[in-house]
Every structure is written in C-alpha cells, then in structure tokens.
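Before any comments, here is the structure.
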Amino acid sequence: MPSVATSSRPFLPGTTGWTAHDLDDHVIESQWFQGRYEIVDGVLTTMPPAYFPGTQSLQELVFILKANLKERGLPNHFGGEVDIIIDEDRVVIADAVWLTLADQERQREATRRAGKSEPGR
C-alpha cells in the first residue's frame, strides 16, 4: 500500500476534491471521526442530526427484518451509523446496515488488505 501524505487542504465542510483514499491519512481520519461527515461527489459535507421520528421508524423496520431473517435461518445482526464507501468520491453514513456472512468475510479481508489495525472497522 502506498504511503499517504497529509493533505494540505483544510478539513472544512464544503471543500472539494475529497475521496475515500483521503481517509487513509491518519490525520484526516482522526478529524473525520471527531464529527459526522460524508463525502458527496467529492465535497466534504456534514451530516444533520438524527431525530426521534425517523430513527423510531427505522428501528421498527429493523425489528421486522430481524424477525424475518431469523425465521429463515440467516444472520440477523444490523449495524447503524456505518461509513459506507460507495465509490471513490462518495462516502456516506448509512442509517442501518446488514451484511450476509459472505459480505462480512469480504469486509474482514478488505480490512486486512488495507492494513487496518481494527478488523471490525
């Protein structure tokens, strides 16, 4: 993996030219985790706060999905507020995520290949 130089660009919402690879820089990654950010079409953006009505509806849906998955003998574990790299210039925060067992293994392998020290990330 090539080394990543610290960005000379300010970590400010609204700035352009951001990519998923910028998060490989430990300085930028540290700033990323201090707030709620996304990269949308290369623009660093902040996430609005979540509100009870929206999260309540999501939790009800997850409850239904978990029961259905359990009945089918499938893993029924969900994660919330997870960073998802859609493509190079889109990194979003998903409200809820479900991964198949195969997806979970691919995630662990991608983490190992990227040299990340926290396999659960």
Q. Does Val40 belong to the same Ile/Leu/Val/Met/Phe/Trp/Tyr cluster as Ile86, with side-chain heavy atoms less than 4.5 Å apart forming each link?
A. no
Q: Mind listing the closest non-hydrogen atom pair of Leu101 and Pro75 along with its distance?
A: CG-CG, 3.5 Å
**Q.** Passing candidate, side-chain contact (heavy atoms from CB on, under 4.5 Å) with Tyr37, options Thr46, Thr45, Val91, Leu23
**A.** Thr46
Q: Taking side chain to side chain contact (heavy atoms under 4.5 Å, CB included) as the test, write out the residues that go with Lys70, two or more places apart.
A: Asn76
**Q.** Carboxylate-amine/guanidinium contact Glu109 Arg112, below 4.0 Å
**A.** yes
Q: Apply side chain to side chain contact (heavy atoms under 4.5 Å, CB included) to Ser30 and list each qualifying residue two or more places apart in sequence or on a separate chain.
A: Gln34
Q: Only counting residues at least two apart or in another chain, list the ones meeting side-chain hydrogen bond (donor to acceptor under 3.5 Å, both in side chains) with Thr15.
A: Trp18
(Q) My understanding is that only residues two or more places apart in sequence, or in another chain, count here; which of them pass side chain to side chain contact (heavy atoms under 4.5 Å, CB included) with Leu65? (A) Leu61, Phe78
Q.
Are Trp98 and Val62 linked, directly or through intermediate hydrophobic residues, by side-chain heavy-atom contacts shorter than 4.5 Å (ILVMFWY only)?
A. yes
**Q.** With sequence neighbours excluded, residues passing side chain to side chain contact (heavy atoms under 4.5 Å, CB included) with Val97
**A.** Val82, Ile84, Ala94, Leu99
Q | Qualifying side chain to side chain donor-acceptor pair (under 3.5 Å) pairs, either residue in residues 79-90, two or more places apart | A | Thr19-Glu88, His21-Glu88, Trp32-Asp83, Arg36-Glu81, Asp41-Arg90
Q) Taking only residues two or more places apart in sequence or in another chain, which ones pass side-chain hydrogen bond (donor to acceptor under 3.5 Å, both in side chains) with Asp95? A) none
Q) To the nearest 0.5 Å, what is the distance between CD1 (Ile39) and CD1 (Ile93)? A) 10.5 Å
Q: Kindly write out the residues that satisfy side-chain hydrogen bond (donor to acceptor under 3.5 Å, both in side chains) with Gln104, not counting sequence neighbours, or none if the list is empty.
A: none
Please report, to 0.1 Å, the donor-acceptor pairs under 3.5 Å made by any side chain of residues 47-60, with sequence neighbours excluded.
residue: Thr55; atom: OG1; partner: Tyr51; partner atom: O; Å: 3.3
residue: Thr55; atom: OG1; partner: Phe52; partner atom: O; Å: 3.0
residue: Ser57; atom: OG; partner: Pro53; partner atom: O; Å: 3.2

Q) To the nearest 0.5 Å, how far apart are CD1 in Ile28 and CD in Gln31? A) 7.0 Å
Q | Shared hydrophobic cluster for Phe11 and Phe33 (ILVMFWY, side-chain gaps under 4.5 Å) | A | yes
